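Bear in mind the structure is a predicted one, so any value in this text is a computation, not a measurement. In what follows, chains carry the letters A, B, and so on, assigned in the order in which the sequence lines appear, proteins first and then strands, with residues in each chain numbered from 1.
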Amino acid sequence: MTPYAPSEIEAKWQAAWDKAETFKATRSDDKPKYYVLEMFPYPSGRIHIGHVRNYTMGDVIARYKLATGHNVLHPMGFDAFGMPAENAAMQTGIHPKDYTYQNIDDMVAQMKPLGLGIDWSRMFATCDPEYYGQQQSLFIDMLDAGMIDRKNATVNWDPVDMTVLANEQVIDGKGWRSGAEVERKDLTQWFFKISDYADELLEALDSLDNWPAKVKLMQANWIGKSRGLQFAFSLVKGIGAHNSVEVYTTRPDTLMGASFVGISPDHPLAKELEQNNADLAAFNAKCRKGGTTAEALEKAEKMGFDTGLCVHHPFDTLWELPIYVANFVMMDYGTGAIFGCPAHDQRDFDFAKKYGLPIIPTFLPSEDSEAELTEAFVPTKTDMVHWVAPFAWSPNTNGTDAINKAIDFCEANGVGMGVTKFRLRDWGLSRQRYWGAPIPVVHCNSCGVVPEKKENLPIELPYDVSFEIPGNPLDRHPTWRNTLCPACGKAALRETDTMDTFVDSSWYFARFTAPHTKTPTEAADAAYWMNVDQYIGGVEHAILHLLYSRFFARAMHKTSHLPESAIEPFNALFTQGMVTHAIFKTETTDGRPIYHYPEEVDLRDGGGFLKDGTQVAIIPSAKMSKSKNNVVDPVAIINQYGADTARWFVLSDSPPERDVEWTASGAEATFKHLSRVHRIACDIVENTDAANQQDEPLLRDMHKAIFEVTQGVESFGFNASIAKLYGFTNTIAKSKAGGDAKRIAIKILAQLMSPITPHLAEDIWNMLGEKKLIANAPWPIAIETMMIEDTITLPIQINGKRRSEITVPKEMSKEDVEKVALTDEAVIKALEGGQPKKLIVVPGRIINVVI
RNA sequence: GCCGGUGUGGCGGAAUGGUAGACGCAGGGGAUUCAAAAUCCCCCGAUGGUGACAUCGUGCCGGUUCGAGUCCGGCCACCGGUACCA
């Protein structure tokens, strides 16, 4: 018997697949197509065990679909632009391009030994000029189609380094390098007009039947459609050109509870007032400090500044409300002005308390509720409440009805209009950075902003740049900016902003259908391969990447680069969990943490110990992080146990949508199991026992295994499939069946394992004398009649607690089951001669005797 | 802050509203061996009991139901996203 030697068999079968071009995708009409895609990686240089899990899931699907008669497309590429390459350039002096391509080479070298069934001939990186040149072409088409805009955007500004900062580079409101307090600054930027598609992107979510409900919900909330009232408060005393303040509210029904008007520090009125009011100017400047993230803005201390101005309440001209500039009012949502209703909004309530403003309830939980509030009363809009200040509806009405009535009433009385607004903002794509796709436009003194001619694409990044000074090296490049205007031919300057890396990842899936063609896509290939039938990736992309991709597919359809059938590019989505690992920590005498590598720690007696006997603290299931020394290197695992062990383990222990914790003992156990399967297969090849009555239970479990493993693969229950594979392996090992039956069983086991552990499966298949590849063998089919057992065991509950069980023929009628149940010893004892109050028999499930 | 998710033995987890803990890890016992490795077999939620068994037990509090890990309401903790990380 030859021992299980993964390093030999894995290399052997990978070579066989390469030679046979098993995974090369070619258009053909004789089989249904299936496109499976995992979210492509950023080329960090090292593959992570999380990548192994992500790609193994996709590979299981790809290989299973191949076995079930599909023409499979399973490609791989790299999301290669972005900040880490520039950071590396700043830290080590290596050029972003060299850094990135070296990392890609390294990662491919680490991925190939995993034995993934990928069509490597389609590989590309988003930093290939061949790719981003087509992206520039798409940009020009979208500009022509009116889908792109130029307008102001707020960015994080580092006043010391004089540079724009990414949110990630703002730490506690300070620049990561300079440590200076970050300010918000307006810049003119390019925008994709995704908000034009807000309603459509929202409505179409309903059609995505095979997307997780949570992702659809998150996208719906992000788009944030709301109906409200937009109206003007007239100023008691006008100032400059301002006679009124336009506000938008989703709760017009609470208008009688208004106690102040809040305007954004960036509101035109606030900007006008600050001209002649140094205190307000200082207040506004203070509000503009800090980062641009929603979190920073929301968590900032609520501050207000009384402008001294007042407005009339729309229903009572004698009622005057003060205007405050308030830092929690956002200029880019609604109109940049609100009315505050402290009784029914906690933020307004806190504001009113702080500045001594009245708190006027418009409704209460019920008629006899206390009208003095200690916190804002904010029921859900469907709750019935008792109104004390309604203006067009009955005293007991829910929020939704009251809002609709309020809008109708206001419209009828000439106070504003009901309007629908979206939270979704346009997508700002300009980045003041080098390592991205240049935005293909030219700034001409006579013609203004002009798109580059398509024949001049790609606009390639210059190689000779330096990163010693903060800021965008394209800005200070001596010659790259200089060009000729595509319209008038005179000297002009190139745009130096590059595109957001989300643009790169918003259409790569379409490019995979024809990765080397001279247009963004090839119509016939796109029509054949789109959509992605199964997309797999992390839930962290639930909103931005997936929403942008949905928008881009629509844009590419509008510009004739995708068929209409591809406007929702991902038919099914699966969001997988992370691979985590324990952190082993000790502390220095002054309390600073020291993190230890797993190989330094000996696990015994329920604890972890260093070589010198020091006990370490174990923090379980932590996200892998280089700084915590808890990263598992897949290359080391493959060298030690082989790719099949790594593939099996990452799928075995947790459901795919949840995190899985990598443990050394778990990996070792997997290796032992695969060795066992190999050993059992070797034994069976030599087994010549005659057929006997033990064949039947073995074959019955085999059909159950086919059924359960298939169901697991079809429903992303890979851990359930693996649990059954363990069980079936045990059945085979213990079975006394004849040689022929055992050979059939082990052959089926190999097939069922083949998507997960393809190398071992090929080897067993070969051992059994098969001449073709298992990768091309048709998937086995479970025969239902072969799975049926004759009897069934039913638990008996007494008052809902399990007390006994009976075994009855499978087909026994409900009445007969009741009779048998009443003869059960435990039931007789519990009844004490009486009759049960109720007897519940759920056929095939359970019996409950209520006494 | 806001949006979404998760919470079950020593650990990872299983369970169409129907026997809580499948399968795996760790641990304990045994077989084999001169011994070890490897392999094979058995046990393994807590408490009480020699035992059959009894009571408790799925983050916390409450509810619906013959029956709740699962459904509903209210909390707590952790994780993801929060528009310039990818």
### Message
Just to verify, which of A:Asp426, A:Asp186, A:Thr188 counts as forming a side chain to side chain donor-acceptor pair (under 3.5 Å) with A:Lys151?
### Response
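When side chain to side chain donor-acceptor pair (under 3.5 Å) is applied between A:Lys151 and each of A:Asp426, A:Asp186, A:Thr188, only A:Asp426 qualifies.
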Mark yes or no for a side-chain to base donor-acceptor pair under 3.5 Å between [X] and [N], with no hydrogen or angle criteria applied.
| X | N | value |
| --- | --- | --- |
| A:Asn167 | B:C84 | no |
| A:Arg803 | B:U19 | no |
| A:Gln219 | B:C3 | no |

Interatomic distance where [atom1] belongs to [X] and [atom2] belongs to [N] [whole Å]:
| X | N | atom1 | atom2 | result |
| --- | --- | --- | --- | --- |
| A:His545 | B:C85 | NE2 | C1' | 15 Å |
| A:Gln169 | B:A86 | CD | P | 9 Å |
| A:Met330 | B:G1 | CE | P | 15 Å |
| A:Glu540 | B:U82 | CD | P | 10 Å |
| A:Asn799 | B:G67 | CG | P | 8 Å |
| A:Lys801 | B:A68 | NZ | C1' | 13 Å |
| A:Glu298 | B:G81 | CD | C1' | 14 Å |
| A:Phe328 | B:G1 | CZ | P | 16 Å |

Pair [X], [Y]: side-chain N/O donor-acceptor within cut-off below 3.5 Å:
| X | Y | result |
| --- | --- | --- |
| A:Asp79 | A:Ser505 | no |
| A:Trp190 | A:Glu495 | yes |
| A:Thr496 | A:Asp475 | yes |
| A:Tyr131 | A:Trp507 | yes |

Which of the following nucleotides, [options], is nearest to the side chain of [X]?
| X | options | result |
| --- | --- | --- |
| A:Arg679 | B:C40, B:U19, B:C84 | B:C40 |
| A:Leu424 | B:U19, B:A83, B:C66 | B:A83 |
| A:Arg802 | B:C42, B:A20, B:G24 | B:A20 |
| A:Asn156 | B:G18, B:C84, B:U82 | B:C84 |
| A:Pro655 | B:A83, B:G67, B:G13 | B:G13 |
| A:Tyr42 | B:U19, B:A86, B:A38 | B:A86 |

Within less than 4.0 Å of OP1 or OP2 of [N], is there a side-chain N or O belonging to [X]?
| X | N | answer |
| --- | --- | --- |
| A:Ser665 | B:A26 | no |
| A:Asn719 | B:G24 | no |
| A:Arg425 | B:A83 | no |
| A:Lys838 | B:C66 | yes |

### Query
For RNA chain B, whose closest nucleotide is more 5', that of A:Lys299 or that of A:Ile722?
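Result: A:Lys299.
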### Task
With RNA chain B as reference, determine whether A:Val215 or A:Gly666 sits nearer its 5' end, using the nearest nucleotide of each.
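Its nearest nucleotide lies further toward 5', so the answer is A:Val215.
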### Task
Quick one, give me the B/S/- string for nucleotides 44-49 of chain B, reading 5' to 3', where B means a protein heavy atom under 4.0 Å from the base and S means that only happens at the primed atoms, P, OP1 or OP2.
------
### Query
Got a salt bridge between A:Asp701 and A:Lys724, using NZ or NE/NH1/NH2 to carboxylate O under 4.0 Å?
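Yes, this pair counts.
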### Task
Check the pair A:Arg347 / A:Glu298 against side-chain contact (heavy atoms from CB on, under 4.5 Å), numbers first and verdict last.
CA-CA 10 Å; A:Arg347 197 171 52 185; A:Glu298 286 283 337; 4.0 Å; yes
### Message
What contact category does A:Ala669 fall into here, base, sugar-phosphate, or nothing, at under 4.0 angstrom with non-hydrogen atoms?
### Response
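Sugar-phosphate contact only.
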### Message
Using a heavy-atom cut-off of 4.0 Å across all strands, would you classify A:Val842 as base, sugar-phosphate, or nothing?
### Response
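Touches a base.
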### Task
Hey, can you tell me if A:Tyr548 and A:Phe502 have their rings parallel, tilted or perpendicular (30° and 60° cut-offs)?
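The arrangement is perpendicular - the two ring planes meet at more than 60°.
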### Message
With a 4.5 Å cut-off on side-chain heavy atoms, are A:Lys381 and A:Arg251 touching?
### Response
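Counting from C-beta outward, A:Arg251 and A:Lys381 do come under 4.5 Å.
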### Message
Just so I know, are the side chains of A:Leu544 and A:Trp222 near enough to count as touching, which here means a heavy-atom distance under 4.5 Å?
### Response
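They are in contact (side-chain heavy atoms under 4.5 Å apart), so the answer is yes.
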I'd like the [atom1] distance from [M] over to [N], given in whole Å.
| N | M | atom1 | value |
| --- | --- | --- | --- |
| B:G4 | B:A86 | P | 26 Å |
| B:C60 | B:G69 | P | 12 Å |
| B:G9 | B:G17 | C1' | 24 Å |
| B:C75 | B:C25 | P | 42 Å |

### Message
Both distances below 3.5 Å, Watson-Crick or wobble geometry, any strand: find the nucleotide opposite B:G45.
### Response
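For B:G45, the partner nucleotide comes out as B:C56, under the 3.5 Å rule.
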### Inter- and intrachain pairs under side chain to side chain donor-acceptor pair (under 3.5 Å), touching residues 836-851 of chain A, at least two apart
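Every candidate side chain to side chain donor-acceptor pair (under 3.5 Å) pair involving residues 836-851 of chain A fails, so no pair, neighbours aside, qualifies.
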### Query
Crowded around A:Met162 CE? As in, over 12 foreign heavy atoms under 6.0 Å?
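It does not: A:Met162 CE has 12 such atoms or fewer within range.
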### Message
Just to be sure I understand the geometry, which residues of residues 77-87 of chain A put a non-hydrogen atom under 4.0 Å away from RNA chain B?
### Response
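The answer is A:Asp79, A:Gly82, A:Met83.
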